[in-house]
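By convention in this document, chain letters (A, B, ...) are assigned in the order of the sequence lines, proteins followed by strands, and residues within each chain are numbered from 1. All values below were derived from every heavy atom in this structure, side-chain atoms included, with hydrogens, water molecules and symmetry-related copies excluded.
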Protein chains: 2
Amino acid sequence: MNVCSCVYVIDKIMEVDRIKLEKAAYLLKALAHETRLCVLKHLSQTKEKSVSDLMEEVGCEQSLLSHHLTDLRAKGILNSRREGQRNLYSINNEEIIPLLECIFNYCK
Amino acid sequence: MNVCSCVYVIDKIMEVDRIKLEKAAYLLKALAHETRLCVLKHLSQTKEKSVSDLMEEVGCEQSLLSHHLTDLRAKGILNSRREGQRNLYSINNEEIIPLLECIFNYCK
DNA sequence: TAGACACATGAACATACATTCATATGTAAT
DNA sequence: ATTACATATGAATGTATGTTCATGTGTCTA
């Protein structure tokens with residue numbers, strides 16, 4: 001392996017790291033809010049929940065909650081589907097549940 | 001147990017939850033930045049590092065990095081001690097390392 | 001004790017995020 | 001078709017966060 005390809009490999013490694021850090025920062029920003037964490041906590045216990053269910057459980061006003069939910073959905077953390085008048089939200093990727101557990105566990 | 005003490009217990013549970021959510025949100029906000037994650041990643045590999053070491057490794061300008069470090073220290077995530085002219089930073093509570101691993105692992 | 005080095009600090013500014021309010025949309029029931 | 005219900009959306013505003021720049025502080029060396 002010559003000097004050039006070495007540099008290339010190092011660049012690639014650095015790049016992968018940078019991308020991972022970026023992703024992690026993006027994810028953490030998405031999670032870093034009491035209301036959103038509360039939503040996720042509730043949704044990790046039950047499959048899906050309507051906005052009104054969450055409003056009660058989370059104790060958050062309709063519009064504000066909706067903004068948070070839209071946000072979490074846009075960022076790929078939640079899913080939603082309609083059922084009649086209601087909009088049911090659920091966790092998109094279950095792998096986030098152990099991560100949440102890990103976070104809450106750290107915050108003893 | 002009468003109604004009153006039941007309500008009291010429920011309040012207590014809710015309170016604990018709310019506090020945990022608050023703590024978690026606070027922690028995640030502290031972590032949710034590429035530069036800060038990068039610092040933590042480097043510090044979880046080596047015991048301590050000076051600001052200049054971190055400047056190079058993280059690729060961040062002196063003053064800005066210093067602000068981030070001060071911040072992380074104020075929030076109890078990092079420690080620092082002087083050694084001559086240098087200021088050595090380290091991770092305050094090692095329990096954060098598996099948490100970071102968990103986060104990076106999720107961000108595959 | 002003067003200069004260099006390593007780092008911290010504070011004010012000013014820029015950018016992003018959270019919240020509120022008014023209103024729109026989509027579905028269901030009458 | 002009209003009304004009510006569940007939710008989404010957008011603009012306006014407030015608040016927090018990140019960044020830069022100029023300068024301050026502590027320590028070492030000559």
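Dashed line: the shortest gap from a side-chain N or O of B:Y89 to OP1 or OP2 of C:dA6 is not under 4.0 Å.
Considering only the side chain of A:R86, D:dT7 comes nearest among D:dT7, C:dC7, C:dA18. Taking the side chain of A:N87 as heavy atoms from C-beta on, and the options D:dT19, D:dT7, C:dC7, the nearest nucleotide is D:dT7.
Residue A:H68 contributes atom NE2, which lies 16 Å from atom C1' of D:dG10 at whole-angstrom precision. Rounded to whole Å, atom P of D:dA8 lies 12 Å from atom CG of A:L72. The nearest whole Å value for the distance from the CG atom in B:L88 to the C1' atom in C:dC7 is 12 Å. Atom-to-atom, CD of B:E34 to P of D:dT17 comes out at 18 Å; the value is rounded to the nearest Å. To the nearest angstrom, P of C:dG26 lies 19 Å from CD of A:E83. Regarding B:H67, its NE2 atom lies at a distance of 7 Å from the C1' atom of C:dG10, rounded to whole Å. The interatomic distance linking A:H33 (NE2) with D:dA16 (C1') rounds to 11 Å, in whole Å. The distance from atom CG of B:L64 to atom C1' of C:dT9 is 14 Å, rounded to the nearest whole Å.
Counting distance only, with no hydrogens placed and no angle test, the side-chain atoms of B:Q62 and the base atoms of C:dA8 include a donor-acceptor pair under 3.5 Å. Counting atom types as modelled, A:S63 pairs a side-chain N or O with a base atom of D:dT9 as donor and acceptor under 3.5 Å.
A cation-pi arrangement, defined by a distance under 6.0 Å to the six-membered ring centre and an angle within 45 degrees of its axis, is present between A:K75 and A:Y26.
Remark on DNA chain C: of its neighbouring residues A:E61 and A:Q85, the 5'-side contact belongs to A:E61, judged by nearest-heavy-atom nucleotide.
The shortest non-hydrogen separation linking B:I91 to B:L40 is CD1-O, 4.0 Å.
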